[in-house]
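Structure in structure tokens, see below.
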Amino acid sequence: MDSNEFIIRRQRLAEKMPDHSALVLFSGGVKTRSNDDKFPFSPNRNFYYLTGIARSNLILMITKRAGSVTETLFLQRPNELEAKWTGAVLSDQEAREQSGIEHFDYLDEWLQSFGTFMRRCEGKGSLHLDLNRYQWSDELTPAEAFAEDAQKKYRTLPIHDAGPMLKELRMVKSPAEIEEIRRAIAITDEAIRRMWSHAHPGMMEYELEAHYDFTLKSHGVRELPYLPIIASGLNATVLHYEENNQRAENGDLVLLDLGAASNYYAADISRTFPVNGRFTERQKEIYQLVLEAEIKTIEAVKPGVTLQELNEVTKQVLTDGLLRLGLIQESSELSKYYYHSVSHHLGLDTHDVSDYTAAMQPGMVITIEPGLYIEEEAIGIRIEDDVLVTADGCEVLSAQIPKNIEEVELLIGKKE
């Protein structure tokens with residue numbers, strides 16, 4: 001993306017910041033996997049959203065005092081010896097080109113800079129950090145550790161979670177962000193078609209995954225937005241099955257839930273197909289019901305609608321269909337076969353920052369993903385597309401990926 005994209009994002013954030021406040025974001029560090037082996041680095045998404053930089057051990061500080069906004073990116077000092085082993089650190093010129101930030105200091109100067117800002121605020125300062133925590137057992141983040149230290153130094157310092165401000169910005173995608181998601185979807189489409197073309201009864205789920213991996217790597221996608229689900233037969237009734245180590249037998253359906261990424265912007269697509277290239281009549285009945293639910297739910301997407309309301313549309317279609325098929329006798333039994341919500345926001349995270357009760361706005365990108373999971377018949381079916389909310393409705397960004405029964409059957413096992 002052009003650096004102007006990030007300049008505009010920071011300007012919009014600064015408008016939301018109260019006077020005499022500082023926003024501090026950490027890019028994150030490289031974590032040890034075992035001994036001297038490291039996990040691949042993935043940047044803090046809020047840091048990346050505001051800078052476009054995917055490097056470890058950087059700090060962004062934005063301050064606002066008396067209406068004046070200052071942006072400072074704190075970089076690692078160059079080290080010639082370390083550069084011979086791991087490459088040169090990010091230079092201020094590179095950082096300026098990527099982010100549009102003009103002012104840089106080194107990491108060993110940043111605490112002094114923060115202290116100077118606090119002194120100039122004369123007791124009126126506040127601190128905003130990315131304090132998002134998914135679960136209690138997660139390790140302490142750099143932001144949480146700094147919050148503890150800052151509170152010890154400045155006992156009366158108000159500390160706030162910057163998440164709500166950033167969520168409000170991130171939920172509505174810019175044209176540049178939407179293009180990144182389109183590219184991720186296009187790569188995913190190619191990967192799915194390759195998997196289908198090589199599919200045949202008796203192959204292992206991980207063999208299908210290998211074709212997926214090949215396509216993504218061929219497009220330079222090194223980091224997956226999430227682990228792919230390639231679930232055959234009974235495995236497809238487990239919502240987040242990730243082992244991908246079973247054999248797809250003749251007659252099995254295979255559920256795919258996967259997506260590529262483009263500059264960390266994710267695609268999230270689900271398709272279900274018969275590994276032998278032909279749906280049985282029973283599989284067709286269930287598949288058509290899920291497809292009907294997806295189509296009806298997509299038709300309901302428009303500004304003003306909430307994710308909760310979309311899920312009610314899905315539930316009604318699935319309930320009516322299951323009653324018609326005799327799988328349930330009353331609507332309260334739906335949860336036996338459909339036990340997740342139909343939608344979530346999509347962006348820099350697969351389950352992107354969102355407010356489940358918020359009304360849709362143009363520029364939001366969401367998934368629509370109804371499913372039915374009939375364990376006693378070893379049938380699990382989910383169909384998922386990525387949808388852009390527009391001024392007068394929506395656009396299915398992944399419309400090019402086949403999902404009608406006839407289209408899917410034509411592509412199974414048909415190598416070019």
Side-chain angles (χ1 to χ4, degrees), residues 6-29 43-53 56-75 99-172 345 347-349 352-358:
F6 305 103
I7 292 172
I8 292 170
R9 293 177 187 180
R10 294 193 299 273
Q11 289 173 343
R12 293 175 62 201
L13 177 68
E15 292 171 0
K16 297 179 179 295
M17 291 174 60
D19 208 17
H20 295 90
S21 67
L23 170 76
V24 176
L25 292 176
F26 300 82
S27 70
N44 174 278
R45 294 302 190 261
N46 285 325
F47 178 91
Y48 181 82
Y49 178 79
L50 293 178
T51 65
I53 297 173
S56 63
N57 301 317
L58 304 177
I59 299 172
L60 171 67
M61 183 167 72
I62 301 176
T63 62
K64 187 175 184 179
R65 188 172 68 87
S68 178
V69 176
T70 301
E71 303 173 345
T72 306
L73 187 63
F74 295 89
L75 307 172
S99 68
I101 294 173
E102 294 292 339
H103 185 232
F104 304 94
D105 280 325
Y106 290 117
L107 288 170
D108 52 29
E109 301 170 318
W110 103 267
L111 287 175
Q112 180 180 346
S113 295
F114 179 75
T116 299
F117 171 76
M118 290 299 300
R119 184 175 66 252
R120 289 174 178 171
C121 287
E122 299 177 335
K124 296 179 289 185
S126 64
L127 173 61
H128 296 257
L129 298 165
D130 181 357
L131 297 175
N132 176 62
R133 168 165 287 274
Y134 185 66
Q135 57 186 8
W136 175 267
S137 59
D138 287 347
E139 64 183 50
L140 209 63
T141 66
E144 291 171 323
F146 178 62
E148 289 186 358
D149 290 344
Q151 199 75 80
K152 291 176 183 177
K153 298 287 186 181
Y154 305 96
R155 296 292 184 178
T156 61
L157 173 64
I159 298 178
H160 304 284
D161 182 13
M165 287 192 298
L166 287 159
K167 179 197 297 183
E168 191 175 344
L169 296 176
R170 284 179 55 183
M171 282 175 64
V172 178
H345 283 252
L348 283 172
D349 289 304
D352 211 29
V353 291
S354 63
D355 179 349
Y356 193 68
T357 64

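When reading the values below, keep in mind they use all heavy atoms of this one structure, side chains included, and skip hydrogens, waters and symmetry mates.
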Response to the item:
Smallest heavy-atom separation, F26 atom then P142 atom, equals CG-CB, 3.8 Å
Discussion item. Tell me whether K167 contacts the main-chain N or O of D355 through its side chain, where contact means a donor paired with an acceptor under 3.5 Å.
Written reply: no
Item to complete: With rounding to the nearest 0.5 Å, note down the distance linking CG in L13 to CD1 in I8.
Response: 14.0 Å
Worksheet item: Tell me, do F114 and T72 make a side-chain contact under 4.5 Å, heavy atoms counted?
Response: no
Item to complete: Check H345 against S354 and note the closest heavy-atom contact, atom names and distance.
Response: CD2-CB, 3.2 Å
Practice prompt. Please name the pair of heavy atoms, one in P18 and one in K64, separated by the smallest distance, quoted to 0.1 Å.
Written response: O-CD, 3.8 Å
Worksheet item: What heavy-atom pair brings F117 and A22 nearest, and what distance separates the two atoms?
Response: CE2-CB, 3.6 Å
Worksheet item: Is there a donor-acceptor contact under 3.5 Å from the side chain of E71 to the main chain of H103?
Response: no
Discussion item. For a quick test of reading the model, state the closest non-hydrogen atom pair linking L111 to F146 and the distance between them.
Written reply: CD2-CE1, 3.8 Å
Worksheet entry | Value rounded to 0.5 Å, distance of CD1 in I101 from OG1 in T70 | 12.0 Å
Practice prompt. Could you tell me whether a side-chain N or O of R10 sits under 3.5 Å from a main-chain N or O of S99, the two making a donor and an acceptor?
Written response: yes
Discussion item. Is it the case that the side chain of D105 and the backbone of F74 share a donor-acceptor pair, with hydrogens and angles ignored and the cut-off at 3.5 Å?
Written reply: no
Item to complete: Take D352 and R45, measure what salt bridge (charged side-chain N to carboxylate O under 4.0 Å, His left out) needs, and give me the verdict at the end.
Response: CA-CA 10 Å; D352 211 29; R45 294 302 190 261; over 6 Å; no
Discussion item. Please report the interatomic distance CG(L166) to CG(L23), rounded to the nearest 0.5 Å.
Written reply: 6.5 Å
Discussion item. Please report the interatomic distance NE2(H20) to OG1(T63), rounded to the nearest 0.5 Å.
Written reply: 10.5 Å
Discussion item. Tell me whether R9 forms a cation-pi arrangement with Y49, defined as NZ or CZ under 6.0 Å from the six-membered ring centre and within 45 degrees of its axis.
Written reply: yes
Discussion item. Rounded to the nearest 0.5 Å, what separates atom CD in E122 from atom CZ in R65?
Written reply: 8.0 Å
Discussion item. Tell me if a side-chain donor or acceptor on R155 pairs with a main-chain N or O of K153 at a distance below 3.5 Å.
Written reply: no
Using residues 124-131 as the side-chain source, report each donor-acceptor pair under 3.5 Å to any protein atom, sequence neighbours left out, with the distance given to one decimal.
residue : atom : partner : partner atom : Å
D130    : OD1  : N132    : N            : 3.3
D130    : OD2  : N44     : ND2          : 3.0
D130    : OD2  : N46     : ND2          : 3.0

Discussion item. Looking at R133, I want to see if its CZ is surrounded by more than 12 non-hydrogen atoms of other residues, nucleotides or ligands under 6.0 Å.
Written reply: yes
Item to complete: Calculate, to the nearest 0.5 Å, the distance between atoms CD1 and CG belonging to I62 and L73 respectively.
Response: 10.0 Å
Worksheet item: Any chance CD of E144 has more than 12 other-residue heavy atoms, nucleotides or ligands included, within less than 6.0 Å?
Response: yes
Discussion item. Could you walk me through whether V69 and M17 satisfy the side chain to side chain contact (heavy atoms under 4.5 Å, CB included) test, starting with their C-alpha distance in whole Å, then the side-chain angles of each, then the deciding distance to 0.1 Å, before giving a yes or no?
Written reply: CA-CA 10 Å; V69 176; M17 291 174 60; over 6 Å; no
Practice prompt. Locate the shortest heavy-atom distance separating L75 from F104; write the atom from each residue and the value.
Written response: CD1-CD2, 3.9 Å
